[in-house]
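Data first, discussion second: the structure below is written as structure tokens.
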Amino acid sequence: MIQNIGIFKQLGMALSGLVKPSMYSRLRHQGAMKILLFVLTISLISSAITLLTPTITFVNSNTYSDFIDNLPEFSMGNGILELPEPYVFQQNNGIAVIDTTVTAYTNSDINSIMNTFSLSSSSTIILGSSTNILVYQSGQVSELSIADFCSLFKIDYLDNNNINDYLSSQFPIIFTIITLIGTLYYAFAYYVVAILYAVIGTIFGVFTKTLYSFKQHYIMGIYIAAFWKLLSRPILLFTDLSNKPVFLAVILLTSIYICLAQIKKEDSHSKEEDYVPYYRSTYNDSDNEVTPESTPTAQESSTNNYSQSSTPTSSYSGKFKLKD
């Protein structure tokens, strides 16, 4: 039973598990902190891969210059956002509406925007008023006040004249904040989705009589899901594949690997978990039970053997007389 595996060895075992799935079963005894460290590491790498390359490409491209040049006239300071006229930007399945004549947007305004622009519930909607910002995505609404936004990103006063300098100076901070948020999101997702893989692994284990516990299947599910999700990040980044088929492929591969991890036992399994020292072995006959006290040490055994070999014995107990 291997309970204390370092983070780098965990990463190596997770990588080698692509070829030898039984490596994942060797990770099923890891403690909560070891698992959390692995998940946070994978989540941080995934978040950085997802955000870093597109961000650098965007900043160094003409798209960024066009973005700065085409921003509507605005000013932000003292918790108030001001635009001379409403601004609407719509692309694909998303829309941003900024109207500072509105004091504060509420959740009911989301439905109004959906109806006005014929949007579906899967659309992404951003609403900005003079005092708050609403973001609707995947059926969930989050709200951030302009005052909190300025405090979070350390904005005293921002307008069209200084926004380029501000973004250049704050880029490392903004990127770090977004990356950390992404890291926590991925980590939470791995822990939740692992429940599904634990159920699949447990059902499969019943048929194969592997008899791993639900907790062990859950731990294996975390390791497999996190690593396959990490491998999917570059695929989404450098190919034209959409997120849905890649997401379904990750679910399928993770389900297959949690089953394969139970079929193919690791070579060292019997050595690590099934080995029982000689002095701990017992017999069914309680009179012949072997204990550490009753088992001779090597020195005692050697001494006994020497005594027995150096002391002559005879089974003849009768009297005899020498011949003259």
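Remember, predicted model here, so these are calculated numbers, not experimental data.
- Among all heavy-atom pairs drawn from S130 and T100, the shortest one is CB-O, 3.6 Å.
- Within the structure, side-chain hydrogen bond (donor to acceptor under 3.5 Å, both in side chains) pairs that include any residue of residues 150-176 comprise Y64-N164 (at least two apart or interchain).
- Judged purely by atom type and a 3.5 angstrom limit, R28 uses its side chain to pair as donor or acceptor with the backbone of S25.
- Summarising the geometry of M23 relative to S16, their closest heavy-atom pair is CG-OG, 3.6 Å, with the distance given to 0.1 Å.
- Around atom CZ of F188, no more than 12 heavy atoms belonging to other residues, nucleotides or ligands sit under 6.0 Å away.
- Taking hydrophobic clusters as Ile, Leu, Val, Met, Phe, Trp and Tyr residues chained together by side-chain heavy-atom distances below 4.5 Å, F117 does not share a cluster with Y87.
- Residue pairs meeting the side-chain hydrogen bond (donor to acceptor under 3.5 Å, both in side chains) criterion with at least one member in residues 217-226, sequence neighbours excluded, are Q10-Y223, T202-H217, H217-Q262.
- Residues I68 and L167 meet the side-chain proximity criterion, which asks for heavy atoms closer than 4.5 Å.
- The shortest side-chain heavy-atom distance between I126 and V97 does not fall under the 4.5 Å cut-off.
- Contact check for F74 versus L158: side-chain heavy atoms found under the 4.5 Å cut-off.
- Considering CD1 of I110 and OH of Y105, their distance stands at 9.5 Å, rounded to 0.5 Å.
- Interatomic distance, I42 CD1 to I222 CD1, rounded to the nearest 0.5 Å: 12.5 Å.
- Looking at every heavy atom in both residues, A225 comes nearest to Y197 through CB-CE1, 3.5 Å.
- To the nearest 0.5 angstrom, I224 atom CD1 is 5.0 Å from I258 atom CD1.
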Practice problem: Starting from the C-alpha separation in whole Å, work towards a yes-or-no answer on side-chain contact (heavy atoms from CB on, under 4.5 Å) for T131 and L81. | Solution: CA-CA 6 Å; T131 60; L81 174 64; over 6 Å; no

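- Tested against V250, the residues S232, S255, P245 include a single side chain to side chain contact (heavy atoms under 4.5 Å, CB included) partner, S232.
- With a 4.5 Å cut-off on side-chain heavy atoms, L127 and I113 count as touching.
- Y24 is not connected to V199 by any chain of hydrophobic side-chain contacts under 4.5 Å among Ile, Leu, Val, Met, Phe, Trp and Tyr, and they are in different clusters.
- Residues I125 and L119 are in side-chain contact: their nearest non-hydrogen atoms beyond the backbone lie under 4.5 Å apart.
- Contact check for N132 versus L144: no side-chain heavy atoms found under the 4.5 Å cut-off.
- Closest approach of P86 and D99 over heavy atoms only: CG-OD1, 3.6 Å.
- Between the CD1 atom in I251 and the CG atom in L196 there is a gap of 7.0 Å [rounded to 0.5 Å].
- K20 NZ to L260 CG: the interatomic distance, rounded to the nearest 0.5 Å, is 13.5 Å.
- Scanning both residues, A32 and Y191, for their nearest heavy atoms gives O-OH, 4.5 Å.
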Quiz item: Should F149 and M76 be marked as a side-chain contact (heavy atoms from CB on, under 4.5 Å) after you check the CA-CA gap, both sets of side-chain angles, and the distance that decides it?
Solution: CA-CA 10 Å; F149 181 86; M76 181 187 294; 3.9 Å; yes

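- No option in Y190, F247, Y257 other than Y257 meets the ring-ring contact (aromatic ring centres under 6.0 Å, His included) test with W228.
- Within the structure, side-chain hydrogen bond (donor to acceptor under 3.5 Å, both in side chains) contacts touching residues 108-117 (residues at least two apart or in different chains) are T106-S108, T106-D109.
- Side-chain N or O atoms of T124 include none that pairs as donor or acceptor with a backbone N or O of G94 at under 3.5 Å.
- When every heavy atom of A187 is checked against every heavy atom of S43, the shortest pair comes out as N-OG, 3.2 Å.
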Practice problem: Walk me through it: do Y136 and S121 pass the test side-chain contact (heavy atoms from CB on, under 4.5 Å)? | Solution: CA-CA 9 Å; Y136 172 86; S121 59; 3.8 Å; yes

Exercise. I would like to know whether L230 and I49 meet side-chain contact (heavy atoms from CB on, under 4.5 Å); could you show each step before the answer?
Key: CA-CA 9 Å; L230 173 62; I49 291 175; 4.1 Å; yes

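- Tracing side-chain contacts under 4.5 Å through hydrophobic residues (I, L, V, M, F, W, Y), one reaches L18 starting from F8; they form part of the same cluster.
- Rounding to the nearest 0.5 Å places OG of S129 at 11.0 Å from CG of L83.
- Hydrophobic cluster membership is shared by M33 and M13, with clusters built from Ile, Leu, Val, Met, Phe, Trp and Tyr side chains linked at under 4.5 angstrom.
- Shown here is E73, whose CD atom has no more than 12 heavy atoms of other residues, nucleotides or ligands within 6.0 Å.
- A continuous path of ILVMFWY side-chain contacts below 4.5 Å connects I195 to Y186, so both sit in one hydrophobic cluster.
- The closest donor-acceptor contact from the side chain of T183 to the backbone of T179 lies under 3.5 Å.
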